[in-house]
Amino acid sequence: MIRTLSLTAVSAFAFTLGAAAQDFAIVNAKVWTGTSAGTLESATVIISDGEISGVGINLAPPSGMETLDAEGKWVTPGIISAFSRVGTVEVGAEGASNDTSAAASPLSVALEASDGFNPAATNVAVTRIEGVTRMAVAPANGANMFAGQGFLADTSGKADSVTMERAFVYVDLSEGGADLAGGSRPAAWAALRGAFADARGYPGRFITHNEGDTLTRNDAQAFGPAVRGQQLMMINASRASDIRKVIALKAENPLLNLVIVDADEAWMVADELAAADIPVIIDPFDNLPTSFATLGATSRNAERLLAADVTTAFAHLGNSGHQTRLVLQSAGNAVANGVSFDDALASITTTPADLLGLEGLGRLTPGAVADLVMWDGDPLEVMSAPELVVINGQRQSLESRQTKLRDRYLDLDESEQPLAFKR
Amino acid sequence: MKNSIWLKGALAGLLVSLAACGDSGSDSEAASNGERVEINLNPFPSTYAPYPSDTVLLQGATVLDGIGGLIENGDVLLVEGKVAEIGTGLTAPDGATVIDAAGRWVTPGIIDNHSHLGVYPSPNVDAHGDGNEISGAVTAEVWAEHGIWPQDPGFSRALAGGITSLQILPGSANLFGGRGVILKNVPSRTVQGMKFPGAPYTLKMACGENPKRVYGYGGGRFPGGAPYSRMGNVAGYRMAWARAVEYKRKWDKYAEDGGDPPTRDLELDTLMGVLNGEILVHMHCYRADEMAQIMDLSEEFGYKVTSFHHAVESYKIADLLAEYGACSAMWADWWGFKMEAYDGVRENIPMVHKAGACAIVHSDDDIGIQRLNQEAAKALADGRRAGIDISKADAWQWLSANPAKSLGVFEQTGSLEPGKDADVVVWSADPFSVYAKADLVMVDGAVMYERGNPDNIPVMDFELGQPGEGDVK
């Protein structure tokens with residue numbers, strides 16, 4: 001074994017991947033609860049049967065319970081990425097290993113991203129060991145503006161890690177969606193209206209033929225729950241005028257459960273978004289006029305949206321298959337650009353949990369799901385990393401294919417044997 | 001000529017020869033006078049001159065000198081656009097502006113040796129895709145500076161991230177993508193107004209997947225052109241270098257013996273510049289085994305790869321890279337987007353550093369360039385957790401000294417040593433923290449960015465009269 005890692009008591013303790021949930025307690029932690037209790041110093045967190053059974057100061061673990069001394073380190077809820085493609089792509093440019101989109105499929109809304117999810121994909125562990133325990137995984141657009149059905153999963157890598165299939169529908173109403181719809185925003189909005197009619201008219205209007213105004217029979221069926229407000233609809237839009245159209249869509253269809261993704265110019269319509277109660281998922285890194293739809297992009301988007309009481313979650317939207325883990329860096333940069341530390345942490349824990357319907361997640365409180373992370377420093381700092389990741393009460397491995405590659409090459413001496421024998 | 005002051009003194013020999021040739025007349029003039037034809041090596045000369053600056057004493061900061069030193073409660077004195085003195089307890093000369101930098105950090109400006117700002121600018125519209133001359137696999141004749149749009153708002157965002165110099169490269173579609181150019185990050189109406197005076201030219205080359213994908217599989221035709229495989233890539237480099245060797249022989253012979261001058265070939269001019277040691281090779285190469293082949297290939301034809309770029313697998317051959325003497329320009333953590341990026345590890349940068357090879361943090365990205373300090377911080381921390389103990393002061397070499405060396409401008413910039421260009425950043429806090437912001441960015445002592453002061457934040461033409469004009473970015 002050539003690892004030169006300083007194996008502290010903590011990390012030695014944290015290798016039981018796949019073991020049954022074992023009750024334990026963390027004492028002397030700085031606990032960010034995600035609740036009105038705020039941040040608790042020198043606090044105890046008790047984990048039993050996969051749940052948080054106690055959080056508090058002066059809280060003694062039951063006698064005989066395995067206890068870990070956090071030595072004052074931060075403990076937070078597991079980080080939640082509100083938008084990701086982890087587990088649905090192994091190598092981006094290799095089509096056969098990339099199940100995020102299907103440009104040649106005749107289907108759209110009916111495409112279920114969870115059918116392509118591989119919990120053993122290398123990017124699952126890479127994401128997990130950075131503290132992200134839950135994620136919304138969206139399909140990418142292929143043939144048209146309706147990408148399909150996204151799902152919710154944990155990052156444990158276990159066979160049952162998809163917790164909700166068909167959690168949301170993803171629709172692109174940005175410039176990209178307009179292009180796929182035929183070349184213009186009017187084409188995209190006409191297609192959307194047609195799709196609404198197809199979904200509402202299902203199955204009646206498909207009795208005599210398979211094609212609707214916009215959608216095929218399968219797609220119209222799949223779009224039904226979202227159109228009736230029974231399923232979340234994620235809409236990609238960035239230009240302020242496009243966001244206003246989405247707000248108007250909700251005004252006409254008050255039952256819709258919408259969230260806007262990207263939303264670079266959302267700060268320009270923040271009050272309207274707040275009044276319409278439409279949340280946004282943004283990447284706080286975005287501050288460039290990369291297109292004519294993002295001329296107002298600013299790193300202050302997050303601060304202004306939160307100041308206007310818009311429900312705001314963060315995600316790292318660039319290379320969301322492999323770099324979802326950077327959501328923490330995104331959140332740290334939001335703090336550097338005016339967001340409070342508590343709001344930034346909420347935007348990657350409690351807020352995405354609530355807008356995705358992840359009950360019991362995103363906060364550390366009795367009865368919550370025991371997803372948590374202990375950090376070797378400020379969780380939003382770029383130099384910090386998890387020392388312990390817990391999902392459903394189970395301590396997770398902090399190994400990935402990347403850490404194994406690192407360990408193989410830390411010492412390049414192959415005078416005795418080729419490095420290929422080292423693992 | 002403005003740049004003459006830059007060309008005196010300390011510059012490396014190759015830069016002097018480059019500049020000297022820049023003053024020669026055109027081919028036809030020289031020929032009609034019966035003189036030897038000389039190739040004008042600098043037909044698009046820099047017109048940059050430093051903007052006015054004050055004498056400034058930055059006082060009481062944590063100072064990173066950029067070459068491994070950290071000074072607590074340190075002072076930096078800037079005079080006439082140069083670093084005059086660095087130390088503790090310095091006295092402000094008469095008339096100097098004293099800036100209280102207590103609690104703040106002062107570093108050399110960050111130098112990004114891999115950017116496509118200007119050639120792939122914002123907005124990313126079809127009309128602006130000027131970074132790859134895809135028309136052929138070997139396009140050493142094209143120059144990135146001819147594709148740069150100086151109004152790219154990305155330059156101003158990079159400035160706010162502490163970038164004071166940067167290399168703009170052609171893309172990696174081609175085996176030989178063309179010449180790169182080194183810029184001072186100053187807003188200008190012209191590219192010439194940004195060009196780093198006296199900096200050498202560079203040549204962009206590319207290994208691996210991109211050239212064979214673009215040409216071999218090009219346009220959905222099967223088969224496309226060459227190269228179709230990594231074999232074709234290497235054959236393509238070698239055939240081009242073989243022609244360059246022959247071309248150089250003709251020019252050398254002509255310089256010696258006279259007679260009819262050889263026919264100019266712009267592609268081979270660039271390759272000959274490499275063989276003459278005037279142009280530095282920057283090669284996009286992810287895989288360790290390919291870098292090893294390229295090092296051999298360079299020795300076959302008698303040139304040197306100055307820096308491998310992206311170099312996702314440098315950690316596998318860090319010893320070989322140290323022995324050869326090439327830099328690796330790397331991301332902290334990009335991986336997985338294609339097969340040759342599949343073996344990315346978070347500790348690549350510190351592992352290369354530990355082997356004694358030259359490590360550089362680069363961006364290749366208009367977002368990443370805004371926070372290269374954070375990328376260095378991530379790599380540093382990941383390295384430490386893997387048992388590689390590197391100080392912050394040493395790590396800053398990844399951001400300024402090493403990229404400056406890779407661009408041939410370390411004599412002028414890249415560290416806070418007396419006599420060097422006052423390319424300086426004052427950070428609100430430890431720049432290895434995610435919460436730190438560049439408060440003040442100076443290029444040759446002139447303030448090019450001052451956080452919170454709209455009068456000292458550039459707004460590019462494209463953003464005037466648009467939503468967000470002059471907004472905090």
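Computed from a predicted structure; not experimentally measured. In what follows, chains are A, B, ... by sequence order, proteins preceding strands, each numbered from 1.
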Report task. Please round to the nearest 0.5 Å and tell me the distance separating atom CG of D382(B) and atom OG1 of T403(A). Result -> 11.0 Å

**Report entry** Student check: side-chain heavy atoms of W334(B) and H322(A) closer than 4.5 Å
**Finding:** no

Query raised in the report: Highest number of heavy-atom pairs under 4.5 Å with chain B: which of E94(A), E90(A), E265(A)?
Result: E90(A)

Query - Residue pair D366(B) / T290(A): nearest heavy atoms and the distance that separates them - result: OD2-CG2, 4.4 Å

Query raised in the report: Of the listed residues (G344(B), A381(B), P467(B)), which shares the most heavy-atom pairs with chain A below a 4.5 Å separation?
Result: P467(B)

Report task. Could you check if a side-chain atom of L410(A) sits within less than 4.5 angstrom of a side-chain atom of Y315(B), using non-hydrogen atoms only? Result -> no

Query - Side-chain heavy atoms of M383(A) within contact of R385(B), under 4.5 Å - result: no

Query raised in the report: Would you call I317(B) and L412(A) a side-chain contact if the rule is heavy atoms closer than 4.5 Å?
Result: no

Query raised in the report: Out of N319(A), V89(A), L419(A), L380(A), which one racks up the most heavy-atom pairs below 4.5 Å with chain B?
Result: L380(A)

Query raised in the report: Looking only at heavy atoms, which two atoms of A386(B) and R406(A) are closest? And how far apart?
Result: CB-CD, 3.8 Å

Query - Minimum heavy-atom distance between A93(A) and K338(B), given as atom pair plus value - result: CB-CB, 3.7 Å

Requested in this report: Could you walk me through whether E347(B) and Y409(A) pass the side chain to side chain donor-acceptor pair (under 3.5 Å) test, one step at a time?
Outcome: CA-CA 10 Å; E347(B) 297 81 3; Y409(A) 287 98; over 6 Å; no

Query raised in the report: Which answer fits A318(B), side chain, backbone, both or neither, if we ask what part of it has an atom under 4.5 Å from a heavy atom of chain A?
Result: both

Query raised in the report: Do other residues, nucleotides or ligands put more than 12 heavy atoms under 6.0 Å from E323(B) CD?
Result: no

Query - Engaged part of A240(A) at the chain B interface, taking heavy atoms whose separation is under 4.5 Å - result: neither

Report summary line: Looking only at S433(B), G154(B), P153(B), most heavy-atom pairs under 4.5 Å shared with chain A are made by S433(B)

Query raised in the report: Within a strict 4.5 Å, meaning less than it, do heavy atoms of the P289(A) and Q466(B) side chains meet?
Result: no

Report summary line: Counting heavy-atom pairs under 4.5 Å with chain B, the top scorer among S97(A), A385(A), S291(A) is A385(A)

Query - Selection from N287(A), V335(A), V126(A), T298(A) maximising heavy-atom pairs under 4.5 Å formed with chain B - result: N287(A)

Query raised in the report: With the threshold set at 4.0 Å, does a side-chain nitrogen-carboxylate oxygen contact exist between R304(A) and D471(B)?
Result: yes

Requested in this report: Mind ranking K316(B), M351(B), E375(B), M339(B) by heavy-atom pairs under 4.5 Å with chain A and telling me who comes out on top?
Outcome: K316(B)

**Report entry** Option that, when pairs with chain A are counted at under 4.5 Å, heavy atom only, ranks first among A355(B), G468(B), A332(B), A377(B)
**Finding:** A377(B)

Query raised in the report: Which heavy atom in F432(B) sits nearest to a heavy atom in V382(A), and how many Å separate them?
Result: O-CG2, 3.7 Å

**Report entry** Segment of S384(A) engaging chain B (4.5 angstrom heavy-atom cut-off)
**Finding:** backbone

Query - Atom pair CG (D333(B)) and CZ (R325(A)), whose distance is rounded to the nearest 0.5 Å - result: 4.5 Å

Query raised in the report: Can you tell me how far the OH atom of Y342(B) sits from the CG atom of L405(A), to the nearest 0.5 Å?
Result: 9.5 Å

Query - Option in R371(B), E463(B), K354(B) with maximal non-hydrogen atom pairs under 4.5 Å from chain A - result: R371(B)

Query - Under 4.5 Å from any heavy atom of chain B - which part of E130(A) - result: side chain

Query - Note, N333(A) side chain near Y435(B) side chain (heavy atom, < 4.5 Å) - result: no

Requested in this report: Please flag which part of N301(A) lies under 4.5 Å from any non-hydrogen atom of chain B: side chain, backbone, both or neither.
Outcome: neither

Query raised in the report: Which atoms of D376(A) come close to chain B, meaning under 4.5 Å heavy atom to heavy atom: side chain ones, backbone ones, both, or neither?
Result: side chain

Query raised in the report: Is the shortest distance from a Lys or Arg side-chain nitrogen in E381(A) or K378(B) to a carboxylate oxygen in the other one below 4.0 Å?
Result: no

Requested in this report: Measure the shortest side-chain to side-chain distance between F285(A) and Q370(B) over non-hydrogen atoms and say whether it is less than 4.5 angstrom.
Outcome: no

Requested in this report: Please examine the side chains of K437(B) and N337(A), heavy atoms only from C-beta on, and report whether any two atoms are closer than 4.5 Å.
Outcome: yes

Query raised in the report: Do the side chain of S299(A) and the main chain of K473(B) share a donor and acceptor less than 3.5 angstrom apart?
Result: yes

